[in-house]
Amino acid sequence: MENLLNRTATHPPYLEALNPEQREAVFHTGNPLLILAGAGSGKTRVITTKIAYLIREKGVDPRSILAVTFTNRAAREMADRARLIDDRAAYTMLRTFHSFGAWFLRRNGSFAGLDSGFTIYDDEDMVSLLSLIMEKASKGEIKHIARSIARAKDYFLSPDDPHLSLIDYRKEFRRVYARYEERLAQIGNVDFGDLIKKPVEILRTQREVAGRFRDRFRVIMVDEYQDANIAQFELLKELCGPETYLCVVGDDDQSIYRFRGAEVRNILEFPDRFAGTDIIRLERNYRSIAPILNAASSVVNRNQGRLGKTLIAERGNGKKPVLAFLPNQDEEAVFCAKLIENSVHPPKGRGSEEGKKTGSRKTSYADWAVLYRTNAQSLGFETEFLRRHIPYRVVGSLKFYEREEIKDALALLSFLVNPKDEIAFRRVVNKPARGVGAATAGRIVENAAMDSQSMGNLSAAAQRLLPELSAKARSGLEAFLKAMESGRETLAPRSSKTSDGESGTETGGRAEEEKDTPKKPRRKSKKAAKTSPDQRDEGEKERETRKREGLNAGEGLSACVVRLIQNTGIAEYHLLHDEIAGNQRISNLQELANAASLYPATEAGLLEFLEHIELDRSLEYNPGGNSADLQDLVTLITLHNTKGLEFRRVIMTGIEQGVFPRDDKKGEELEEERRLFYVGATRAMDELYLCSSALRRLYGHTMPMQPSLFLYEIDKTGLRIIGTPPRGYITRESQSSRGGQKTEVPTGTWEIGNRIFHEDQGYGSVIEIRESAEGPVVQVRFDTGKELHFLGLRRNSRITKINACD
DNA sequence: TAATCGATCTTTTTT
DNA sequence: AGATCGATTA
């Protein structure tokens, strides 16, 4: 078949660019197709080309194509690239799994007792709801249960499922989960898991709905299939009828979301689940030079459970990856900064030579990415980069929306669209204090539940209860209700009974498409979650007073936001409540209002705004001036977030045992960490740097670190090693059987001559040891010449023994 | 009733 | 270091 395809006359240029395997994947029809696409093998190109090909060569209606991704970024990129080939691609439905689920439920949720005006609860809301159910439990327990419930939904397990104990074996789990579901149903909202689980349930029970969807989507494509969880697999199964063409793309070596319920099993067993599956492998890597690919592969090759594939480096040979041993995390940041500075502004004399090596291409900040395992690690790099004026952006899910004041404002908005939202109501009804305490709030909630008339409407219940309350509570509650009403007034009257009357008949079907397609209010609110400290100027003062008197209401929905946060007193509350950060909080609220201005001042617009916030919190901020023309930035990013991205030069940091991988990782979890390493390393096109520090501040203390297990799994001859390797690294064979072996420096015993590190004093040596009632006292002479005594066994000691490796 | 202090505990990844 | 919890205080 491949030969045949190759011989076929001339293809349009957009197809000419493909290699034979890619072309085969694009042309494939009929059976289900599994594309095993290694890192950098051009899978996005295949999917987007395939969409375009189906539309223009096969006459497929773009509206009958559904393409699902896992991240909003991937969805966006795919849409852009497909549209570039053929603008009709704009009419394909290209969404994340969760946004597709939300879209589905807005139209068909009534079959699950869901009103179209639902909002989506995030993890924090989940915890709030659970704490109402588990009154006596600690926050930790509640969080644990919340995780279990989320996981249960990932695995498509309901409270009555016999397999539930596989998720959480505790007896009460089933009961709590059931009550949680009940309560959530009463409120009329959904959590993340529901966005997948509920559509499956509806498709299974409503044959007519399932029929309509199968009718509509004749082609379904799934990107990053290795990240699909069981519930998502079930959703695909329900969407696929006998006529549906299903094509999934994935790479088992890049499965890094197991902790979130992703099942590699899905991809491994795909051919068994979908009869007659054809498999196409894309193994030509166009991104990285061979030495980088070798290093990445040699780590992931240690894994047991994988399909196994061999990537071919189409770009050929090049520079070996650099393995840098640094003394501590501050030096690590300095190392990165210098590396970047030197490449962007090469020291004179060496510049031309450097230029030859990397080709004539000029190096820019944007060529660089600094990768780390946990978000917290970004801080050190930010500090160092700020100091050196290295422009950077931080990519990650933004905590902006998790801030107290923002959550408060969102709760007000949520309560406006869904007056049954108990969580939102409880959050803001007594904020600021209005004399409506938890007891009164509880009464209102109960009353709303009892009374059949109000159908759980808390506003109505509150209104009704007013006469029975104490004078203080009454006036407070009245003020709250009035403030909510004032917010409602800013919204255009519900014109044509928006979308909630479509009980049943509505489908993913015909005419409502216009609003799903390209327009979408883009432009992100580029707000820094952290603000650079040196931002206070004189103009600030003036703005402050203006804010004190009233935030400026822009157009659209922002009027609603502003009205609510003013009239409820939430703005004032935060201003007065937090002496230090009050003003910051106000400007955060203003920022939220600005973001809202992009949406129409209608109930539908408000829903859209809320959904957008829940479903896409990815945001990046660059703390330097946010002048739009400053686009040449270094990228700071977690390993997880890099999937799908590529950079010319990548620095992977913190490759130490205990950080990456964490010490408690073993078995399947350790394999996932290896895959994470693989993902990170294969982002690099030209240059890869691996950093490992001897000391790291961790849990508030400076800890001695050992190189990551993964560094032992790479052949040393394939690396260029700089810095001082710890004892043992050079001599130890690269072997796989090193796992679990602990190599710590014992702190309990002290000898004269031991090298130590003190968090304030720096490095030093033990010069004397005495016994005391409280254990050994060590006398240390620091390299600065200073001498101090320490209790050698104190657990929270600020002094740390280190390997004398230099 | 709420704020505050100190002791104690837990440290990921994200739609 | 930061979050969280309990007890104590105003």
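Just so it is clear: chains get the letters A, B, ... in the order the sequence lines come, proteins before strands, and each one is counted from 1.
- In this entry the distance linking NZ of Lys431(A) with C1' of dA2(B) reads 14 Å, nearest Å.
- For Thr638(A), taking side-chain heavy atoms from C-beta onward, the closest of the listed nucleotides dT4(C), dT13(B), dT11(B) is dT13(B).
- Between Lys643(A) and the phosphate of dT14(B), there is no side-chain N or O to OP1/OP2 separation shorter than 4.0 Å.
- As a whole-Å value, the separation of Glu141(A) CD from dT10(B) P is 12 Å.
- Taking atom P on both nucleotides, dT13(B) is separated from dT4(C) by 15 Å, rounded to a whole Å.
- Residue-level contact check: Asn641(A) touches the backbone only, with heavy atoms under 4.0 Å from sugar-phosphate atoms and none from bases.
- Applying the 5.5 angstrom centroid cut-off and the 30 degree plane-angle cut-off, the aromatic ring of Phe259(A) is stacked upon the base of dT13(B).
- Residue Lys143(A) is in sugar-phosphate contact alone, with no base atom involved, counting any heavy-atom pair closer than 4.0 Å across all strands shown.
- Between the side chains of Gln254(A) and Tyr678(A), no donor-acceptor pair of N or O atoms lies under 3.5 Å.
- Between the CE atom of Met126(A) and the P atom of dT15(B) there is a distance of 16 Å, rounded to whole Å.
- Here Phe710(A) and Phe660(A) bring their ring centres to under 6.0 angstrom of each other.
- Distance from the side chain of Lys139(A) is smallest to dT4(C) among dT4(C), dT13(B), dT11(B).
- At a threshold of 4.0 Å, the pair Glu384(A)-Arg387(A) counts as salt-bridged, since one of the basic side-chain nitrogens sits closer than that to a carboxylate oxygen.
- In this structure, Phe97(A) reaches neither bases nor backbone, as no heavy-atom distance under 4.0 Å exists between it and the strands shown.
- OP1 or OP2 of dT14(B) lies within a sub-4.0 Å distance of a side-chain N or O belonging to Asn375(A).
- Aromatic pair His640(A)/Phe259(A): centroids less than 6.0 angstrom apart.
- When each of Phe70(A) and Ala433(A) is assigned the nucleotide of DNA chain B bearing its nearest heavy atom, the one mapping closer to the 5' terminus is Ala433(A).
- Among Val200(A), Leu203(A), Leu195(A), the one residue that satisfies the side chain to side chain contact (heavy atoms under 4.5 Å, CB included) test with Phe104(A) is Leu203(A).
- The listed nucleotides are dT12(B), dT15(B), dC5(C); the one nearest the side chain of Thr374(A) is dT12(B).
- Mapped onto DNA chain B by nearest heavy atom, His98(A) and Glu673(A) fall at different nucleotides, with Glu673(A) at the one closer to the 5' end.
- Rounded to whole Å, the distance from CD on Glu402(A) to P on dT15(B) is 11 Å.
- In this structure, CZ of Phe677(A) is placed 19 Å from P of dT13(B), rounded to the nearest angstrom.
- Separating the C1' atom of dC5(C) from that of dT12(B) is a span of 24 Å, rounded to the nearest Å.
- The CD atom of Gln377(A) sits 10 Å away from the C1' atom of dT12(B) (whole-angstrom rounding).
- Between Leu371(A) atom CG and dT13(B) atom P there is a gap of 14 Å when expressed in whole angstrom units.
- Regarding Asp616(A), its CG atom lies at a distance of 10 Å from the C1' atom of dT15(B), rounded to whole Å.
- Using a 3.5 Å distance cut-off with no hydrogens or angles, the side chains of Tyr121(A) and Asp421(A) do pair a donor with an acceptor.
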